[in-house]
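Chain letters run A, B, ... following the sequence lines, proteins first and then strands; every chain starts at 1. What you see below is based on every heavy atom in this structure, not just the backbone, and it leaves out hydrogens, waters and symmetry mates.
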Amino acid sequence: MKIATFNINGVNGRLEALLEWLEEAEPDVVCLQELKAPQNKFPAAALEKAGYGAIWQGQKSWNGVAMLARNADPVETRRGLPGDPDDLHSRYLEAAVNGVLIACLYAPNGNPAPGPKFEYKLAWYERFLAHAEDLLATGAPVVLAGDYNIMPTDLDVYSPERWRDDALFRPEVRKVFARLMAQGWTDALRKLHPEERIYTFWDYFRNAWGRNAGLRLDHLLLSPNLVGRLQGGGIDRDVRGRDHASDHAPTWIELSDT
DNA sequence: ATGTCCATGGCACATGGA
């Protein structure tokens with residue numbers, strides 16, 4: 001079972017690129033972020049034609065998350081994080097596919113920091129951590145997949161010193177990620193590549209792709225009962241190098257059948 | 001600070017968010 005996360009940065013603007021990647025990569029489940037499309041503008045018919053059932057939570061202009069399943073329909077278990085009915089951002093979807101509970105998340109960016117956007121990011125993560133703990137307590141096999149907008153360690157940044165004060169890398173958010181790990185989750189890509197510099201995002205600015213000035217922002221975290229099923233994983237870097245690409249590359253894992 | 005994308009409103013290109 002191949003599970004991918006991909007910040008598409010505009011699902012309609014990059015629909016052709018998404019369909020091309022789906023055809024060549026054949027993921028079983030895809031978590032998409034930054035749809036930048038309202039609920040009624042999600043390209044469900046085109047994805048259905050490509051063989052993918054979908055659920056999505058759109059939003060005008062910004063944010064937006066979706067989950068696709070190959071030759072199946074995700075069985076939705078939750079939309080939106082619990083804990084704040086006033087939070088209207090579309091950043092969280094959760095569904096079961098083929099016996100695995102999968103969360104699709106798009107964490108707030110948080111810049112500029114300090115400031116209200118950074119406070120929102122930290123508050124959002126407090127709710128996320130509380131919910132992640134509840135998911136672990138169910139004993140279900142769970143994958144938390146998405147754009148975390150956090151580089152967990154220096155190994156996840158092309159130039160750590162330049163990012164120390166950024167909302168994606170400040171001590172407060174790295175501590176949040178460490179607390180998540182302490183709950184018992186496994187960072188799948190880091191487990192597969194413990195020493196390697198691996199990136200999932202390259203800024204559009206300053207020729208970041210050409211210089212390989214990347215960041216690792218997109219993560220798939222596994223509940224303890226899934227770690228033994230982790231067969232492999234990677235980042236489809238070549239997708240980032242194409243014309244009209246998203247600034248993120250698809251990131252994926254392969255789980256064995258039970 | 002800079003840089004480059006997306007979507008929006010409205011029909012040219014400025015703006016916000018990332």
Would you mind reading off the distance between [X] atom [atom1] and [N] atom [atom2], rounded to a whole angstrom?
X: A/Ile8; N: B/dC5; atom1: CD1; atom2: C1'; answer: 13 Å
X: A/Asp247; N: B/dG3; atom1: CG; atom2: P; answer: 18 Å
X: A/Asn9; N: B/dA7; atom1: CG; atom2: P; answer: 8 Å
X: A/Arg211; N: B/dG3; atom1: CZ; atom2: C1'; answer: 11 Å
X: A/Asp166; N: B/dG17; atom1: CG; atom2: C1'; answer: 14 Å
X: A/Leu15; N: B/dA7; atom1: CG; atom2: P; answer: 11 Å
X: A/Trp62; N: B/dA7; atom1: CH2; atom2: C1'; answer: 9 Å
X: A/His244; N: B/dC6; atom1: NE2; atom2: C1'; answer: 9 Å

(Q) Let me spell it out: for each of A/Ala245 and A/Glu34, pick the nucleotide of DNA chain B with the closest heavy atom. Which residue's pick is nearer the 5' end? (A)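 Closest to the 5' end, via its nearest nucleotide, is A/Ala245.
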Q) Of A/Leu35 and A/Asn109, whose nearest nucleotide on DNA chain B comes first from the 5' end? A)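 Closer to the 5' end of DNA chain B: A/Leu35.
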Q) Ignoring hydrogens and geometry, is there a side-chain-to-backbone donor-acceptor pair from A/Ser90 to A/Gly58 under 3.5 Å? A)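 Judged by distance alone, yes, a pair lies under 3.5 Å.
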Q.
Using a 3.5 Å distance criterion without hydrogens, assess whether the side chain of A/Arg190 forms a donor-acceptor pair with backbone atoms of A/Glu196.
A.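 Yes, because the side chain of A/Arg190 sits within donor-acceptor range (under 3.5 Å) of the backbone of A/Glu196.
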**Q.** Charged tip of A/Arg170 within 45° of A/Phe118 ring normal and under 6.0 Å
**A.**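 Geometry flag: set, cation within 6.0 Å and 45°.
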Q. Which letters describe nucleotides 8-14 of chain B, given B = protein heavy atom under 4.0 Å from base, S = only from sugar-phosphate, - = neither?
A. SS-----
Q) A/Val11, A/Trp56: one ILVMFWY side-chain cluster at the under-4.5 Å cut-off? A)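 Yes, because A/Val11 and A/Trp56 connect within a single hydrophobic cluster, where side-chain heavy atoms sit under 4.5 Å apart.
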How far, in whole Å, is [M] from [N] if one measures between their [atom1] atoms?
N: B/dT2; M: B/dA7; atom1: P; result: 25 Å
N: B/dG16; M: B/dA1; atom1: P; result: 16 Å
N: B/dA14; M: B/dG3; atom1: P; result: 15 Å
N: B/dG10; M: B/dT15; atom1: P; result: 15 Å

Looking at DNA chain B, which of [range] put a heavy atom within less than 4.0 Å of it?
range: residues 203-210 of chain A; answer: A/Tyr204, A/Phe205, A/Arg206
range: residues 146-164 of chain A; answer: none
range: residues 86-94 of chain A; answer: A/Arg91

(Q) Are the side chains of A/Cys104 and A/Gln33 in contact, using a 4.5 Å heavy-atom criterion? (A)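 Yes - at least one pair of side-chain heavy atoms lies under 4.5 Å apart.
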**Q.** Side-chain heavy atoms of A/Lys36 within contact of A/Gln59, under 4.5 Å
**A.**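 A side-chain contact under 4.5 Å is absent here.
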Under 4.0 Å between a Lys/Arg side-chain N and an Asp/Glu carboxylate O for [X] and [Y]?
X: A/Arg179; Y: A/Glu126; answer: yes
X: A/Glu26; Y: A/Lys2; answer: no
X: A/Asp187; Y: A/Arg216; answer: yes
X: A/Glu24; Y: A/Arg242; answer: yes
X: A/Asp87; Y: A/Arg127; answer: yes

Q. Looking at A/Arg14 and A/His244, what are the two nearest heavy atoms and their distance?
A.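 Looking at all heavy atoms of both residues, the shortest contact is NH1-O, 2.8 Å.
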(Q) Can you classify the ring geometry of A/Tyr125 versus A/Tyr148 as parallel (below 30°), tilted (30 to 60°) or perpendicular (above 60°)? (A)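 Ring orientation, 0 to 90° scale: parallel.
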Q | Dot-bracket summary - DNA chain B, pairs being Watson-Crick or G-U whose distances fall under 3.5 Å, with | when paired to another strand | A | ...((((((...))))))
Q.
Does A/Tyr106 reach a base, just sugar-phosphate, or nothing at all? Heavy atoms under 4.0 Å.
A.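 A/Tyr106: backbone/sugar contact only, no base atoms under 4.0 Å.
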(Q) Just checking A/Arg162: does its CZ atom have more than 12 heavy atoms from other residues, nucleotides or ligands closer to it than 6.0 angstrom? (A)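 Counting neighbours around CZ of A/Arg162, 12 or fewer heavy atoms of other residues, nucleotides or ligands fall under 6.0 Å, so no.
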Q. Looking at the rings of A/Tyr106 and A/His89, which for Trp means the six-membered one, are their centres under 6.0 Å apart?
A.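 Judged by ring-centre distance (under 6.0 Å), A/Tyr106 and A/His89 do not meet the cut-off.
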(Q) Determine whether A/Asp154 and A/Arg164 satisfy the following criterion, salt bridge (Lys or Arg N to Asp or Glu O under 4.0 Å), listing intermediate values before the conclusion. (A) CA-CA 10 Å; A/Asp154 283 6; A/Arg164 292 284 177 218; 3.0 Å; yes
Q) Among all residues two or more places apart in sequence or in another chain, which pass the side-chain hydrogen bond (donor to acceptor under 3.5 Å, both in side chains) test with A/Asn225? A)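 Only A/Ser223 meet the side-chain hydrogen bond (donor to acceptor under 3.5 Å, both in side chains) criterion with A/Asn225.
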